[in-house]
Q: 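The structure follows.
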Amino acid sequence: QVQLVESGGGLVQPGGSLRLSCVATGDIFSISDVGWYRQAPEMQRELAARIFSGGTTDYADSVKGRFTISRDYDKNTVYLQMNSLKPEDTAVYYCKFGIATSKSPWYGMDYWGKGILVTVSS
């Protein structure tokens, strides 16, 4: 019943910026860590950025200094601000929420969005 919907993707030139958003809806009792993952063509899905409940963040070395993850728990939303984009950032980006529902509030599970395409090309 929990669903995640991403938005904000699209085509951008190298050096440009995009801001991704992901909203979680449904039976949400609590949220733990939240992250953005990406999967480039013919590549494995990898972590781009993650933010924990205490506010600590974790970034892949390839995006460190260029991407910023943030969240608004009141809106059940996570953002990924992407600056100085490079062609190698081209990928489908997926948001992931660690969520516990009211049906099992002590056991969180990972929920994934369907993914949104980011294309960086000149």
Side-chain angles (χ1 to χ4, degrees):
Q1 191 170 355
V2 174
Q3 293 190 8
L4 277 57
V5 179
E6 301 103 335
S7 62
L11 174 65
V12 64
Q13 293 184 331
S17 299
L18 284 175
R19 181 178 171 87
L20 303 182
S21 299
C22 178
V23 180
T25 60
D27 181 21
I28 302 173
F29 182 81
S30 64
I31 299 174
S32 56
D33 62 302
V34 181
W36 286 95
Y37 294 72
R38 64 184 186 180
Q39 187 169 14
E42 307 297 329
M43 300 292 288
Q44 296 293 113
R45 189 175 300 184
E46 65 176 4
L47 173 69
R50 179 169 55 180
I51 185 167
F52 299 94
S53 59
T56 303
T57 57
D58 187 23
Y59 296 93
D61 290 339
S62 58
V63 309
K64 195 171 299 181
R66 300 186 298 117
F67 290 11
T68 302
I69 187 171
S70 60
R71 76 275 189 260
D72 186 337
Y73 285 107
D74 290 336
K75 298 180 179 179
N76 295 331
T77 302
V78 63
Y79 306 93
L80 185 66
Q81 179 66 47
M82 304 184 294
N83 299 325
S84 302
L85 284 164
K86 304 175 181 179
E88 50 263 43
D89 294 318
T90 296
V92 175
Y93 284 71
Y94 302 85
C95 64
K96 186 187 77 173
F97 276 58
I99 295 174
T101 66
S102 61
K103 295 181 179 180
S104 57
W106 291 351
Y107 301 95
M109 296 180 61
D110 290 336
Y111 292 85
W112 292 85
K114 294 182 179 180
I116 188 167
L117 179 63
V118 172
T119 302
V120 184
S121 176
S122 59

Q: When hydrophobic residues are tied together by side-chain contacts of less than 4.5 Å, even through go-betweens, does L85 share a cluster with Y59?
A: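 Yes, L85 connects to Y59 through the hydrophobic network.
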
Q: With distance as the sole test, does S32 use its side chain to make a donor-acceptor pair with the main-chain N or O of G98 at under 3.5 Å?
A: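 Yes, S32 side chain to G98 backbone: donor-acceptor pair under 3.5 Å.
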
Q: Would you confirm whether S102, through its side chain, and F29, through its main-chain N or O, come within 3.5 Å as a donor-acceptor pair?
A: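 Judged by distance alone, no pair lies under 3.5 Å.
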
Q: Identify the two heavy atoms, one from S84 and one from R66, that lie closest to each other, and give their separation to 0.1 Å.
A: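 Minimum heavy-atom separation between S84 and R66: O-NH1, 3.0 Å.
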
Q: What about L80 and V5, same hydrophobic cluster or not, with Ile/Leu/Val/Met/Phe/Trp/Tyr joined at side-chain heavy-atom distances under 4.5 Å?
A: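 No, no single cluster joins them.
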
Q: Please step through side-chain contact (heavy atoms from CB on, under 4.5 Å) for the pair F67 and D89, ending with a clear verdict.
A: CA-CA 11 Å; F67 290 11; D89 294 318; 3.9 Å; yes

Q: Please identify which of these residues, R50, K96, E46, R45, meets the side-chain hydrogen bond (donor to acceptor under 3.5 Å, both in side chains) condition with Y37.
A: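 Of all the options given, the one that passes is K96.
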
Q: Between I116 and L4, is there shared hydrophobic-cluster membership here, with clusters defined by ILVMFWY side-chain heavy atoms closer than 4.5 Å?
A: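 Same hydrophobic cluster.
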
Q: Do T101 and M109 have side chains that approach each other closer than 4.5 Å (heavy atoms only, starting at C-beta)?
A: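 Result no, sub-4.5 Å side-chain heavy-atom pair not found.
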
Q: Taking all atoms of both residues into account, what is the closest heavy-atom pair of P105 and A100, and its distance?
A: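 Looking at all heavy atoms of both residues, the shortest contact is O-CB, 3.5 Å.
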
Q: For a side chain to side chain contact (heavy atoms under 4.5 Å, CB included) with L11, tell me which candidate from T119, V120, T90 qualifies.
A: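 Of T119, V120, T90, side chain to side chain contact (heavy atoms under 4.5 Å, CB included) with L11 is met by T119 alone.
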
Q: Are Y79 and F52 connected into the same hydrophobic cluster when the rule is that any two of I, L, V, M, F, W, Y join if their side-chain heavy atoms are below 4.5 Å apart?
A: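 Per the 4.5 Å side-chain linkage, F52 and Y79 are not co-clustered.
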
Q: Looking only at heavy atoms, what is the nearest atom pair of P14 and S122, with distance?
A: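 Smallest heavy-atom distance, with atoms named: CD-N, 3.7 Å.
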
Q: Do K64 and D61 sit within salt-bridge range, that is, some charged N less than 4.0 Å from a carboxylate O?
A: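 A salt bridge links K64 with D61.
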
Q: Looking at every heavy atom in both R38 and S62, which two are closest together, and how far apart are they?
A: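 Minimum heavy-atom contact is NH2-OG, 3.1 Å.
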
Q: Check I51 against R71 and note the closest heavy-atom contact, atom names and distance.
A: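 The answer is CD1-CD, 3.1 Å.
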
Q: Less than 4.0 angstrom from a charged side-chain N to a carboxylate O is my criterion; do K114 and E6 meet it?
A: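 Salt bridge: no.
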
Q: Identify whether V23 and F97 are in the same connected component of the hydrophobic contact network (ILVMFWY, side-chain heavy atoms under 4.5 Å).
A: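 Unlinked, V23 and F97 end up in two clusters.
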
Q: For M82 and L20, which heavy atoms make the closest approach, and how far apart are they?
A: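 Smallest interatomic distance, heavy atoms only, reads CE-CG, 3.7 Å.
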
Q: Do C22 and Y93 make a side-chain contact, defined as non-hydrogen atoms from C-beta onward lying under 4.5 Å apart?
A: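 No. Closest side-chain heavy atoms not under 4.5 Å.
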
Q: To the nearest 0.5 Å, what is the distance between CG (D58) and CG (D33)?
A: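 Separation between the atoms: 10.5 Å.
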
Q: Could you go through the side-chain contact (heavy atoms from CB on, under 4.5 Å) check for V78 and I69 one step at a time?
A: CA-CA 7 Å; V78 63; I69 187 171; 3.8 Å; yes

Q: Give a yes or no on this: more than 12 heavy atoms of other residues, nucleotides or ligands lie within 6.0 Å of atom CD of Q3.
A: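 Atom CD in Q3 is not packed in, count stays at 12 or less.
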
